Amino acid sequence: MTSSRRDRAAEMDRLVGIIAARMNERVTEISASIRRGVEQEISELRADVHTVDLLGASVQGNIDTVLHALCHDIPAARIHLPVAASEYTRRLAQHGVPLNALVRAYHLGQRLVTEEVFAELQAADLAPADQFLVGRAMTTRLFGYLDQVIQQVVALYESEREHWLETRNNVRALGVREILEGNSAVDVDATTEKIRYPLRWHHLALIAWYPDSGTPGDELGRLERFVRGSAEPAGADATPLFVADDQRSGWAWLPYRSARSDAVARLRGFTAALSDAPRVAIGAMAPGVAGFRRSHRLARSARSVALARGDTGDRVVAADDPGLPVAALLGGHETEVREWVGEVLGDLACDTDNDARLRETLQVFLRSGSSYKAAAMELDLHSNSVKYRVGRAISRRGRPIAGDRLDVELALLICHWYGPRAPRPETA
């Protein structure tokens with residue numbers, strides 16, 4: 001660079017410093033004007049009462065820092081977010097104010113500062129060419145500072161948001177587990193505030209999970225989206241409560257102001273319509289803290305049956321499914337129960353498609369009061385077909401059912417929920 005160009009550049013730096021210093025004399029006035037502009041243009045920042053007082057301090061801290069950098073020709077790479085602006089960013093992240101709103105505020109602030117720069121240039125006693133060159137230099141530096149600061153703001157916001165959500169979810173999960181343990185009296189109002197869920201309402205508990213695929217993924221995120229998405233179709237009256245159980249399963253409660261008899265059916269319909277829905281175990285709707293616990297307990301029982309059945313079972317099981325509570329009570333003695341089922345049903349307990357049809361027909365027949373006509377209507381078969389299948393089922397069993405009908409019904413129920421006995425090995 002020639003001596004004259006160096007001198008010209010030094011003169012531009014001097015003029016930039018003068019304009020910045022003049023603006024710095026009005027930093028409080030300029031900051032207040034920018035704050036008003038931000039509040040008028042960006043409703044998300046105006047509406048948050050928790051952070052509105054910090055907004056002014058953040059704006060003034062940023063303006064003061066930028067003007068100081070312009071006065072002393074400090075490179076943008078050495079600019080750091082002021083303390084007040086850092087704290088403001090953290091508060092917005094904690095309260096869930098969108099990051100986009102904050103970034104828009106910085107762009108708006110940069111535009112308003114630029115307007116102040118040109119107003120100051122017009123008032124200065126400078127030649128038109130100098131006004132242009134100084135204005136260009138200051139605008140270029142302001143863009144550099146904006147880019148540097150926004151990078152810091154985004155990084156700080158995302159880090160704080162992740163930390164805050166993790167902490168908040170841990171507190172929420174701890175509150176939920178304290179309720180479920182029931183070791184002490186629950187302050188309903190305080191706990192409702194803590195977990196942000198209406199404990200005095202009716203509750204329908206869910207346990208949702210994805211089978212282990214061997215490949216880690218965002219299962220918890222998918223589960224939470226599923227639970228939130230199910231609220232409206234299931235008729236819930238507020239946002240569901242979701243807490244993680246492990247990396248692939250979560251506990252949830254749907255809140256209702258009053259009991260709804262169709263909630264389970266609607267939840268089944270919603271799940272059936274999704275190709276990537278998780279497996280779901282549903283409790284029974286019940287009110288208050290006791291109902292919160294009971295519905296979850298029943299959902300856990302339903303899940304135990306679903307897990308014992310394996311991937312061949314229905315995607316959704318519910319505590320009010322016929323016979324499921326009894327099946328859940330027997331789940332802790334699976335080996336002994338399966339042996340007993342084999343003794344009661346004989347060959348009818350075998351794992352074949354034909355025996356499965358015969359078991360289903362016999363189960364419906366017995367549940368219908370041994371009425372061929374009623375069973376035929378439920379199965380959508382001719383009554384003669386039902387009579388034939390019942391006869392075949394009794395034949396496969398090897399003895400009549402009149403003497404131990406209750407045992408037969410219970411054995412059929414167990415086969416329905418836990419699956420049949422394994423096929424007998426081939427004999428030579």
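Values below: every heavy atom of this structure, side chains too, minus hydrogens, waters and symmetry copies. Here the structure is a predicted model, which is why all the values come from computation and not from measurement.
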Problem - Test side chain to side chain contact (heavy atoms under 4.5 Å, CB included) applied to Leu267 and Val264, step by step - result: CA-CA 5 Å; Leu267 188 56; Val264 172; 5.7 Å; no
Exercise for the section: Considering non-hydrogen atoms only, spot the tightest contact between Glu116 and Arg26 and give its length. Expected result: OE1-NH2, 3.3 Å
Practice task
Using a cut-off of 6.0 Å, state whether more than 12 heavy atoms not belonging to Arg294 lie near its atom CZ.
Solution key: no
Problem - Intermediate values then yes/no, side chain to side chain contact (heavy atoms under 4.5 Å, CB included), Leu70 and Leu142 - result: CA-CA 9 Å; Leu70 288 170; Leu142 285 173; 4.2 Å; yes
Problem - Mutual orientation of the aromatic rings belonging to Trp253 and Trp251 [parallel < 30°, tilted 30-60°, perpendicular > 60°] - result: perpendicular
Exercise for the section: Measure from the side-chain N and O atoms of Ser230 to the backbone N and O of Val227, and report whether any donor-acceptor pair falls under 3.5 Å. Expected result: yes
Practice task
Starting at CG of Leu307, measure out to CZ of Arg300 and round the result to the nearest 0.5 Å.
Solution key: 11.0 Å
Practice task
Evaluate the side-chain proximity of Val117 to Glu120: yes if any heavy-atom separation is below 4.5 Å, no if none is.
Solution key: no
Exercise for the section: Work out which heavy atom in Leu220 is nearest to a heavy atom in Ala244; give both atom names and the distance. Expected result: CD2-CB, 3.7 Å
Handout entry: Val316 vs Phe270 side-chain heavy atoms within contact, under 4.5 Å
Key = no
Practice task
Determine yes or no for a side-chain-to-main-chain donor-acceptor pair under 3.5 angstrom, with Tyr210 supplying the side chain and Asp276 the backbone.
Solution key: yes
Practice task
Taking the side chain as every heavy atom from C-beta outward, state whether Arg303 and Ser249 have any pair of such atoms under 4.5 Å apart.
Solution key: yes
Practice task
Decide yes or no for Ile150 and His107: does some side-chain heavy atom of the first lie under 4.5 Å from some side-chain heavy atom of the second?
Solution key: yes
Handout entry: Side-chain donor/acceptor of Ser58 to backbone N/O of Leu54, under 3.5 Å
Key = no
Handout entry: Validation row: Val97, Leu102 side chains within 4.5 angstrom (heavy atoms)
Key = no
Handout entry: Side-chain ion pair, Arg268 and Asp321, N-O less than 4.0 Å
Key = yes
Problem - Electrostatic pair Glu178:Lys194 at N-O distance under 4.0 angstrom - result: yes
Handout entry: Minimum side-chain heavy-atom gap Arg279-Pro211 below 4.5 Å
Key = yes
Practice task
Answer yes or no: are there more than 12 heavy-atom neighbours, outside Asp262 itself, under 6.0 Å from its atom CG?
Solution key: yes
Problem - Short side-chain to backbone donor-acceptor contact, Ser159 and Ala155, under 3.5 Å - result: no
Exercise for the section: State whether the number of non-hydrogen atoms from other residues, nucleotides or ligands found under 6.0 Å of Glu378 atom CD is greater than 12. Expected result: yes
Handout entry: Check: Ser371 main-chain N/O paired with Ser368 side-chain donor or acceptor under 3.5 Å
Key = no
Handout entry: Spacing of Leu121 atom CG and Ile19 atom CD1 [to the nearest 0.5 Å]
Key = 5.0 Å
Handout entry: Minimum side-chain heavy-atom gap Gln152-Thr89 below 4.5 Å
Key = no
Problem - Side chain Thr139, main chain Gly135, donor-acceptor under 3.5 Å - result: yes
Problem - Nearest heavy atoms of Ala234 and Leu254, plus distance in Å - result: CB-CD1, 3.8 Å
Practice task
Name the orientation class of the two ring planes belonging to Phe292 and His203 (parallel below 30°, tilted from 30 to 60°, perpendicular beyond 60°).
Solution key: perpendicular
Practice task
Just do the side chain to side chain contact (heavy atoms under 4.5 Å, CB included) check on Tyr88 and Leu45 with the steps written out, would you?
Solution key: CA-CA 11 Å; Tyr88 183 62; Leu45 303 185; 3.6 Å; yes
Handout entry: Test item: Arg172 side-chain N/O and Ile195 main-chain N/O as donor-acceptor pair under 3.5 Å
Key = yes
Handout entry: Crowding at CG, Asp353 (>12 non-hydrogen neighbours, <6.0 Å)
Key = no
Exercise for the section: Evaluate the side-chain proximity of Gln60 to Ile34: yes if any heavy-atom separation is below 4.5 Å, no if none is. Expected result: no
Completion exercise
Of all heavy-atom pairs linking Arg405 and Leu366, the shortest is NH2-O, 2.8 Å
Handout entry: Separation of Arg36 CZ from Glu41 CD (nearest 0.5 Å)
Key = 13.5 Å
Practice task
Verify the neighbour count for atom CZ of Arg104: are there more than 12 heavy atoms of other residues, nucleotides or ligands below 6.0 Å?
Solution key: yes
Problem - Any donor-acceptor pair under 3.5 Å from Arg293 side chain to Ile179 backbone - result: yes
Handout entry: Rounded distance (nearest 0.5 Å) linking atom CD of Glu25 with atom CG of Leu67
Key = 11.0 Å
Handout entry: Check: Leu412 main-chain N/O paired with Arg359 side-chain donor or acceptor under 3.5 Å
Key = no
Exercise for the section: Go through Val66 and Arg141 one step at a time and tell me if the side chain to side chain contact (heavy atoms under 4.5 Å, CB included) criterion holds. Expected result: CA-CA 9 Å; Val66 167; Arg141 295 182 192 183; over 6 Å; no
Problem - Pairwise distance CE(Met285) to CG(Leu204) - rounded to 0.5 angstrom - result: 5.0 Å
Problem - Exercise: identify the closest heavy-atom pair between Cys71 and Ala21 - result: SG-N, 3.4 Å
Exercise for the section: Calculate, to the nearest 0.5 Å, the distance between atoms CG and CG belonging to Leu410 and Leu406 respectively. Expected result: 6.5 Å
Handout entry: Heavy-atom donor-acceptor pair, Ser33 side chain to Glu29 backbone, under 3.5 Å
Key = no
Exercise for the section: Please assess Glu181 against Arg177 for the test salt bridge (charged side-chain N to carboxylate O under 4.0 Å, His left out), listing each intermediate value before the final yes or no. Expected result: CA-CA 6 Å; Glu181 289 171 0; Arg177 292 179 187 275; over 6 Å; no
Handout entry: Any donor-acceptor N or O pair under 3.5 Å, side chains Tyr106, Asn62
Key = yes
Completion exercise
Nearest heavy-atom contact between Val341 and Cys415 is CG1-SG, 3.6 Å
